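Below is one structure, written out as structure tokens; the observations come after it.
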Amino acid sequence: QVADMAWGMKCREEDLEYRRLEMEWRKHDLWCRWVDEQWHAMEEKAKQLEQIAQLSALLAGFALVAMCQMQIPDGVNGWLLVSFGTVTAAAVGVPLIAMLSSTLVLVAVIKYDPKVAVNAACPDFGTFWSTHCEADWRLSFRCFNISIALFLMVLGQVGWIQFFAHQNYVASSTLVTVVAVASAMVYFLYTYRKWSTFLA
């Protein structure tokens with residue numbers, strides 16, 4: 001009978017130990033799932049920021065090339081040159097803001113480590129994003145969309161300067177402007193309205 005009692009106590013201790021280990025395994029599994037979710041959210045935001053930064057850099061580069069390599073013929077209206085220079089400068093500066101803001105937020109996202117955060121009692125990535133990154137991301141996204149409008153405005157004015165001394169000057173320049181306006185309308189009336197709320 002004593003042996004049976006000892007055996008029962010031993011079995012109970014082993015059962016309690018197994019349950020304790022099982023609880024630790026579950027906690028570890030939940031922790032691993034949480035870390036995987038944080039990494040997934042980080043990768044998603046990082047790809048968004050990277051795409052906006054790259055496209056903004058392209059727009060700024062195209063606008064800068066258009067301004068630097070433009071051959072301005074004699075006799076072009078002075079106010080047209082003022083408008084072209086102002087819009088082109090804005091078409092370089094605004095996407096530059098979008099690129100720099102996206103890049104800095106991307107650096108912050110990459111620097112965030114969920115393993116360190118959970119050990120240091122820091123907020124999860126969702127809270128970190130909403131408190132530290134959301135405002136800058138919205139700024140980048142707005143500047144990116146504004147830079148598209150500015151770039152198309154540059155395109156609309158290029159023809160009036162580039163084709164000034166050529167035959168069919170008015171027709172060629174008008175067609176370039178019409179294409180620029182049509183592109184802007186398609187983007188802002190369809191693409192932007194469809195995706196802006198979801199992406200921003």
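Just so we're clear, the structure is a prediction, and the values are computed from it rather than from any experiment.
Side chain of Asn77 to backbone of Leu80: a donor-acceptor contact under 3.5 angstrom is found. Side chain of Ser101 to backbone of Ser140: no donor-acceptor contact under 3.5 angstrom is found.
The nearest pair of heavy atoms linking Val87 to Met153 is CG1-CB, 3.7 Å. Considering all non-hydrogen atoms of both residues, Gly159 and Tyr169 come closest at O-CE1, 4.4 Å. Closest non-hydrogen pair, Phe164 versus Pro73, comes out as CB-CG, 3.8 Å. The two residues Ser102 and Ile52 have their closest heavy-atom pair at OG-CG2, 3.5 Å. Contact between Gln162 and Met70 at its shortest, heavy atoms only, is OE1-SD, 3.0 Å. Of all heavy-atom pairs spanning Val170 and Thr174, the tightest one is O-OG1, 2.6 Å.
By the 4.5 Å heavy-atom criterion applied to side chains, Lys45 and Cys133 are not counted as neighbours. A 4.5 Å side-chain heavy-atom check between Phe188 and Arg193 finds every atom pair outside the cut-off. Between Leu106 and Ile110, some side-chain heavy-atom pair lies under the 4.5 Å cut-off. Within the 4.5 Å cutoff, no side-chain heavy atoms of Phe151 are placed close to those of Thr88. Using a 4.5 Å heavy-atom threshold, the side chains of Asn145 and Tyr187 count as touching.
Note: Phe163 and His166 have perpendicular aromatic rings, judged against thresholds of 30 and 60 degrees for the angle between ring planes. The aromatic rings of Phe198 and Trp195 lie perpendicular to each other, with more than 60° between the two planes, well past the 30° mark.
Here the CG atom belonging to Asp136 is positioned 11.5 Å from the OG1 atom belonging to Thr103, to the nearest 0.5 angstrom. In this structure, Gln38 CD and Phe125 CZ are separated by 8.0 Å, a value rounded to the nearest 0.5 Å. Atom CZ in Phe144 sits 4.5 Å away from atom CG in Leu55 (nearest 0.5 Å).
Residues Leu58 and Ile97 do not share a hydrophobic cluster, clusters being chains of Ile/Leu/Val/Met/Phe/Trp/Tyr side chains in contact below 4.5 Å. The cluster map of Ile, Leu, Val, Met, Phe, Trp and Tyr, joined by side-chain heavy atoms under 4.5 Å apart, puts Phe84 and Leu59 in the same cluster. Cluster membership for Val181 and Leu152, using ILVMFWY side-chain heavy atoms within less than 4.5 angstrom, is not shared. Cluster membership for Met67 and Met99, using ILVMFWY side-chain heavy atoms within less than 4.5 angstrom, is not shared. Leu49 is connected to Leu199 through a chain of hydrophobic side-chain contacts under 4.5 Å among Ile, Leu, Val, Met, Phe, Trp and Tyr, so both are in one cluster.
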- Task: With side chain to side chain contact (heavy atoms under 4.5 Å, CB included) as the test, would you mind laying out the steps for Trp137 and Gln48 before giving the verdict?
- Result: CA-CA 9 Å; Trp137 159 249; Gln48 293 177 2; 3.9 Å; yes

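At most 12 heavy atoms of other shown residues, nucleotides or ligands fall within 6.0 angstrom of atom CZ in Phe62.
Salt-bridge formation is not detected for the pair Lys47/Glu43: no Lys NZ or Arg NE/NH1/NH2 atom is positioned less than 4.0 Å from an Asp or Glu carboxylate oxygen.
Checked by atom type, the side-chain pair Trp160/Thr177 shows a donor-acceptor distance below 3.5 Å.
Grouped by direct or indirect side-chain proximity (heavy atoms under 4.5 Å, Ile/Leu/Val/Met/Phe/Trp/Tyr only), Leu104 sits alone.
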